[in-house]
Amino acid sequence: MELKDILAPLEIELKKVSLLGGSMAVVVVPWDQGDMAMRAKRETDTALRCGDYLVIGVFGLGGDEASSQFLSIPKGIAVFPKDGPDMQTLFFEAVERFNLSKGSAPWVKSLWEGIKESASMDTEGDGEAKFMGSAFYQFYAFMAAHAPEMGRVVGQMSQADRHWIEDLLPYGLVRDLPSREGGRDEDIERLMQEWGYQERLERKRDLGRGTLRKFRNIEHLFTLPSISQEIIALAEDDMVAASRMAKVIEKDPVLTSRLLKVVNSAFYGFRRQIVSVEHAVVILGNDEVVNLAFSIAVHQIMEKIAPKQAALLWEHSLMVAHLTQWLGGIMGCSSTSALYTLGLLHDFGKIIFLQRGYTPSDYVSLSSLEELAHEERETGLSHAEMGAFVAERWNLPEDIVDGLLGHHLPSKAKDICLAVAVHASDAIAHLGALDLDRLNTVAVRHLVPDKMAQLSAEVVAKRHEYIKARVHTLLDM
Ligand SMILES: [Fe+2]
Ligand SMILES: [Fe+2]
């Protein structure tokens with residue numbers, strides 16, 4: 001079960017409190033002192049177990065008052081509205097304070113503080129902060145390169161903290177982490193200090209701001225053709241009539257002729273000629289036509305800014321778009337309309353880097369942690385953050401921006417289902433198979449065991465082949 005599901009009952013209480021404008025203290029105490037804590041709990045308060053902790057939602061109290069209520073128990077306290085907008089943030093704030101008050105080893109403390117800081121950066125500061133703060137790949141790559149030490153660090157953490165760190169790493173690595181071994185505390189502390197977490201994070205942020213400043217005003221990159229904006233706006237309305245949709249598309253003759261060419265190709269295999277956009281909308285449906293029109297518009301931009309690399313990346317983008325649509329359906333993601341676009345744009349950041357002469361990770365293979373760290377060292381952000389930045393400039397829906405940001409790091413996404421769908425589809429497109437070891441740990445937690453029955457090696461390989469064949473008929477035109 002996911003943390004947010006465990007905390008769901010408290011989330012409901014928090015919503016009520018925030019509607020009424022009151023306050024709520026979230027108190028985290030060690031589970032083995034639960035009895036004592038339950039004696040201090042009042043009738044109106046809610047309590048539930050979360051891993052090694054007992055979590056109590058105390059209503060109408062500030063931090064000091066809540067603290068005095070649980071006087072004799074070691075605890076962490078976070079208070080709404082000051083410490084966080086949602087239950088998960090409040091919970092982690094409280095756990096963090098609990099860990100600090102417990103006086104854990106300094107290296108665990110500094111590790112925890114660093115990760116917490118980069119995890120919370122997207123909630124503060126200006127609009128660009130979220131693109132710099134959503135990930136710190138250099139650090140994740142550093143952790144991956146020091147697996148024995150990491151094993152020791154996570155081996156001594158509680159379940160909740162442990163998940164948080166493991167979810168940043170590839171599953172193949174987490175599965176083999178040696179636990180509670182591999183070095184003394186002093187060695188690990190020195191390792192962390194020598195690496196210089198804080199300085200590197202600051203350098204990354206400065207660099208990232210500089211990069212975004214350079215890219216911010218490139219007109220042709222950041223103005224999605226207005227026709228695409230109109231199409232996307234229409235797509236939000238399920239009931240829009242075919243004639244209205246056709247009218248918008250037909251304003252652009254190039255788009256219209258390309259669209260008609262595609263719908264009459266072997267890709268769709270219709271026997272009768274489709275002669276008008278309206279006809280295409282009636283036969284294919286709104287969603288399909290929107291996806292097509294949007295793909296054509298994106299391809300035009302891609303070709304314009306990086307013609308040499310566009311072809312390979314375009315094929316990969318189409319593969320991932322179709323795979324994400326399929327996988328997101330199996331996974332039951334709620335936001336189905338975002339799936340295709342998300343897959344189509346997932347590596348758009350690479351194209352942007354290429355046109356400015358940056359060398360992104362090898363743009364035709366699955367990005368490793370080390371490659372993402374390399375992009376970040378050079379520019380301050382990875383292609384995932386860059387692509388999300390552009391998507392936001394295009395005014396694309398928030399769930400798409402968020403999914404792009406999290407396509408290599410789904411644990412940081414708001415809609416984990418969407419991010420896992422595109423993350424796993426990217427891997428399938430590259431490898432032709434679903435290799436769990438190459439996925440991020442949170443993706444594996446999400447897919448196993450619920451969905452794996454529907455994703456046998458045979459099913460995945462067949463679907464990959466099928467989509468590849470369809471994409472090729474499209475590309476041959
Ligand atoms: Fe990517
Ligand atoms: Fe990719």
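One-based numbering, in listed order, for ligands and for the atoms of each. Owing to the predicted nature of the structure, the values given are computational and were not obtained by experimental measurement.
- Salt bridge present: K251 and E230 bring a charged side-chain N and a carboxylate O closer than 4.0 Å.
- Rounded to 10°, the angle formed at the Fe ion (ligand 1) by H408 NE2 and H383 NE2 is 90°.
- Closest non-hydrogen pair, K412 versus A135, comes out as NZ-CA, 4.2 Å.
- Between the OD2 atom of D347 and the OD1 atom of D426, the angle taken at the Fe ion (ligand 2) works out to 180° after rounding to 10°.
- Among the atoms of H316, an N, O or S atom falls under 2.8 Å of the Fe ion (ligand 2).
- In this structure Q325 satisfies the side chain to side chain donor-acceptor pair (under 3.5 Å) test with no other residue, sequence neighbours excluded.
- Listed by first and then second residue, the side chain to side chain donor-acceptor pair (under 3.5 Å) pairs involving residues 331-340 are S295-Y340, S335-D399 (not counting sequence neighbours).
- H346 contributes atom NE2 as its closest N/O/S atom to the Fe ion (ligand 2).
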